[in-house]
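Quick notes on the structure that follows.
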Amino acid sequence: MEQYFTIVPEPAFATRKGQLEKELAELKDIIGIVKEASDFYEAEDYKNAFAVIEAGLEKYPDNLKMKEGYFYYLELYVEMIAKEAQEACDNKEYKKAIEIVEKALEIHECEQLRQLLEHVREERNVLYRWWNDMRDFFEKFNHE
């Protein structure tokens with residue numbers, strides 16, 4: 001291809017080739033960023049996984065793949081933390097549930113986890129627990 005451009009000077013093709021090379025370099029960089037974030041995430045190093053993917057978002061703010069990667073990891077992370085917190089709440093370990101979410105917020109601050117923390121705090125509320133205990137009692141009573 002290089003020989004072709006030296007023999008036949010076609011500025012439009014040369015410009016397009018330059019654009020394609022730039023897009024390819026950007027794509028390779030994005031793939032590298034997502035791969036690095038994936039490696040950290042799989043190693044359960046969530047703080048570094050989010051740091052890498054967020055740096056990628058800053059570098060390529062309009063790139064759909066970077067946005068999809070971020071939201072994919074965010075969804076997985078929030079779901080995992082929500083399950084852990086719910087298990088603790090189900091076992092009436094409200095302090096543990098709050099600690100789980102607070103630790104997760106230290107790793108990655110986001111609105112979804114702040115909402116989860118508020119939910120766990122509400123669940124810890126004495127009246128809420130009392131109502132759940134009473135509901136459990138009546139459900140057991142009705143089944144006997």
Side-chain angles (χ1 to χ4, degrees), residues 1-2 4-5 9-144:
M1 191 172 227
E2 293 297 328
Y4 174 79
F5 288 126
E10 294 186 34
F13 287 137
T15 301
R16 183 66 183 136
K17 178 183 176 265
Q19 290 171 336
L20 289 172
E21 288 172 343
K22 181 182 173 199
E23 289 174 19
L24 179 61
E26 185 177 296
L27 181 61
K28 286 180 179 179
D29 190 31
I30 290 167
I31 290 170
I33 290 167
V34 173
K35 169 93 171 79
E36 184 180 4
S38 294
D39 291 344
F40 280 125
Y41 196 90
E42 288 174 12
E44 297 181 5
D45 185 349
Y46 306 114
K47 190 170 193 84
N48 281 322
F50 282 111
V52 167
I53 202 84
E54 286 177 337
L57 274 172
E58 286 180 29
K59 190 173 183 180
Y60 303 107
D62 298 325
N63 185 279
L64 185 60
K65 291 295 179 195
M66 290 303 305
K67 290 177 184 177
E68 287 174 353
Y70 171 75
F71 285 110
Y72 173 74
Y73 289 117
L74 181 62
E75 182 180 358
L76 287 177
Y77 186 65
V78 170
E79 183 179 323
M80 176 185 67
I81 298 304
K83 284 181 181 177
E84 290 178 19
Q86 186 61 52
E87 286 176 16
C89 287
D90 289 346
N91 294 326
K92 301 195 183 339
E93 297 172 325
Y94 301 103
K95 185 177 178 182
K96 180 181 176 183
I98 290 171
E99 289 171 357
I100 288 168
V101 181
E102 286 176 341
K103 183 179 176 187
L105 278 164
E106 290 173 10
I107 291 171
H108 185 68
E109 176 74 29
C110 65
E111 181 60 28
Q112 294 86 346
L113 289 175
R114 283 192 296 274
Q115 289 176 2
L116 179 60
L117 181 59
E118 288 306 311
H119 172 74
V120 171
R121 285 181 175 153
E122 286 175 17
E123 195 154 334
R124 182 180 182 196
N125 180 297
V126 175
L127 291 174
Y128 185 91
R129 285 194 327 239
W130 175 82
W131 171 247
N132 281 336
D133 290 344
M134 294 307 295
R135 188 180 62 206
D136 290 346
F137 170 79
F138 287 115
E139 283 178 6
K140 287 178 187 173
F141 180 78
N142 287 333
H143 287 80
E144 291 180 357

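- V78 and C110 make their closest contact through CG2-SG, 4.3 Å (heavy atoms, listed as atom of the first residue, atom of the second, distance).
- More than 12 heavy atoms of other residues, nucleotides or ligands lie within 6.0 Å of OH in Y70, so this atom counts as buried by the packing criterion.
- Each of L76, L117, L113 was checked for a side-chain contact (heavy atoms from CB on, under 4.5 Å) with I81, and the lone residue meeting it is L113.
- We find the CG-CD1 distance between L116 and I98 to be 10.5 Å, quoted to the nearest 0.5 Å.
- The only member of Q112, E111, E118 that meets side chain to side chain donor-acceptor pair (under 3.5 Å) when paired with Q115 is E111.
- Here CG of L20 is found 11.5 Å from CG of L27. Values are rounded to the nearest 0.5 Å.
- Taking the ring-ring contact (aromatic ring centres under 6.0 Å, His included) definition, one finds that Y46 meets it with Y41, Y77, sequence neighbours left out.
- Between M66 and I53, the shortest heavy-atom distance links the atoms CE-O, 3.7 Å.
- The environment of E68 atom CD is dense: over 12 non-hydrogen atoms of other residues, nucleotides or ligands sit within 6.0 angstrom.
- Side chain of D29 to backbone of A25: no donor-acceptor contact under 3.5 angstrom is found.
- To the nearest 0.5 Å, atom NZ of residue K96 and atom CD of residue E87 are 8.0 Å apart.
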**Request:** Output, in order, the C-alpha distance, side-chain angles, deciding distance and verdict of side-chain hydrogen bond (donor to acceptor under 3.5 Å, both in side chains) for Q19 and E23.
**Result:** CA-CA 6 Å; Q19 290 171 336; E23 289 174 19; over 6 Å; no
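- Annotation for V120 and A97: closest pair CG1-CB, 3.5 Å, computed over non-hydrogen atoms.
- Judged as a salt bridge (charged side-chain N to carboxylate O under 4.0 Å, His left out), the pairs with a partner in residues 36-58 (not counting sequence neighbours) are, in order, K35-D39.
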**Message:** For V101 and H119: C-alpha separation, side-chain torsions, deciding distance, then whether side-chain contact (heavy atoms from CB on, under 4.5 Å) applies.
**Reply:** CA-CA 10 Å; V101 181; H119 172 74; over 6 Å; no
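- Not one N or O on the side chain of N91 forms a donor-acceptor pair closer than 3.5 Å with the backbone of E93.
- The pair E79-K83 counts as a salt bridge, with a side-chain nitrogen and a carboxylate oxygen less than 4.0 angstrom apart.
- A salt bridge links E102 and R121; the closest N-O separation between the charged side-chain nitrogens and carboxylate oxygens is under 4.0 Å.
- Among all heavy-atom pairs drawn from I30 and K65, the shortest one is CG2-CB, 4.4 Å.
- Across every non-hydrogen atom of I33 and V52, the tightest pair is O-CG1, 3.5 Å.
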